[in-house]
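Quick caveat: nothing in here was measured; it's all calculated off a predicted structure.
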Amino acid sequence: MKRCLLGLVLCVCLGSCGAKEESNIGDNNSAILGTWKITSIKVSSASLTQRPPTGEAISISFLEDGAFNGSTPNNTFNGLYGFEGTNTLTIIEFGATEAEDTTYGQAFFNAVEAATVSELESTQFGYSFESQDLILVFGDSGEMVLEK
């Protein structure tokens, strides 16, 4: 994983950095498109699931061109994503501002870090849908639940 600090912005390049890669969104993966709000986070090493405190929200938007963007209570983030097979979401590139975040906001960044597979040099989430929720799984029993 290559990291570069640019002012207050953290750029994490996973896999190949540089030119924007083509998105491989097929019919099976198009349900992920749109804006989602994270309703709970359980980081692999944590025993408790965190839910958003009153007034705090984390959202993420997956765009059709393979880009994503979002915000935590105190930061913004963006990058590129793609799919491997039908149930794996891969973060190709991830960048975020670096303001001190709330406990809930930090839980999100901890989840992204826990989903990083060092030998593959990428961040990967297994995903599925339950009812209207998007479930992202990672690491050793980590999970984020998102709703539209």
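- Two rings, from F83 and Y127, have their centers less than 6.0 Å apart.
- One hydrophobic cluster holds both I32 and I58 under the rule that ILVMFWY side chains link at heavy-atom gaps under 4.5 Å.
- With rounding to the nearest 0.5 Å, the separation of CG in D133 from CE in M144 is 13.5 Å.
- Distance check: S59 OG to L146 CG gives 10.0 Å after rounding to the nearest 0.5 Å.
- For the pairing with Q50, the side-chain contact (heavy atoms from CB on, under 4.5 Å) check across T103, I38, N110, V43 returns one residue only, T103.
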Candidate pair T116 and T123, rule side-chain hydrogen bond (donor to acceptor under 3.5 Å, both in side chains), full reasoning: CA-CA 4 Å; T116 300; T123 299; 3.0 Å; yes
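- Tracing side-chain contacts under 4.5 Å through hydrophobic residues (I, L, V, M, F, W, Y), one never reaches F108 starting from L48; they form parts of separate clusters.
- Between atom CD1 of residue I91 and atom CZ of residue F125 there is a gap of 6.0 Å, rounded to the nearest 0.5 Å.
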Stepwise salt bridge (charged side-chain N to carboxylate O under 4.0 Å, His left out) test for E147 and K37: CA-CA 5 Å; E147 69 178 15; K37 182 175 74 173; 3.6 Å; yes
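- Residues G82 and I92 approach most closely at N-CD1, 3.8 Å, considering heavy atoms.
- L33 and V145 fall into different hydrophobic clusters, where Ile, Leu, Val, Met, Phe, Trp and Tyr side chains are chained together by heavy-atom contacts under 4.5 Å.
- When every heavy atom of P73 is checked against every heavy atom of T102, the shortest pair comes out as CG-OG1, 3.4 Å.
- In terms of heavy atoms, N74 sits closest to E100 at ND2-O, 3.0 Å.
- Atom CZ of R51 and atom OG1 of T39 lie 7.0 Å apart (nearest 0.5 Å).
- Between the OG atom in S71 and the CZ atom in F77 there is a gap of 6.5 Å [rounded to 0.5 Å].
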Stepwise side-chain contact (heavy atoms from CB on, under 4.5 Å) check, N78 with F94: CA-CA 6 Å; N78 60 45; F94 184 88; over 6 Å; no
Stepwise side-chain contact (heavy atoms from CB on, under 4.5 Å) test for L89 and Y81: CA-CA 7 Å; L89 171 70; Y81 72 97; 3.4 Å; yes
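- Cluster membership for V112 and Y104, using ILVMFWY side-chain heavy atoms within less than 4.5 angstrom, is shared.
- With rounding to the nearest 0.5 angstrom, the CG atom of N69 is 8.0 Å from the CD1 atom of I60.
- Heavy atoms only, all atoms of each residue included: L136 and F138 are closest at O-CD2, 4.1 Å.
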Derivation of the side-chain hydrogen bond (donor to acceptor under 3.5 Å, both in side chains) call for T88 and Q124: CA-CA 7 Å; T88 302; Q124 294 188 325; 5.8 Å; no
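- When every heavy atom of A31 is checked against every heavy atom of K148, the shortest pair comes out as O-NZ, 3.9 Å.
- When all heavy atoms of T72 and G105 are compared, the pair lying nearest together is CB-CA, 4.1 Å.
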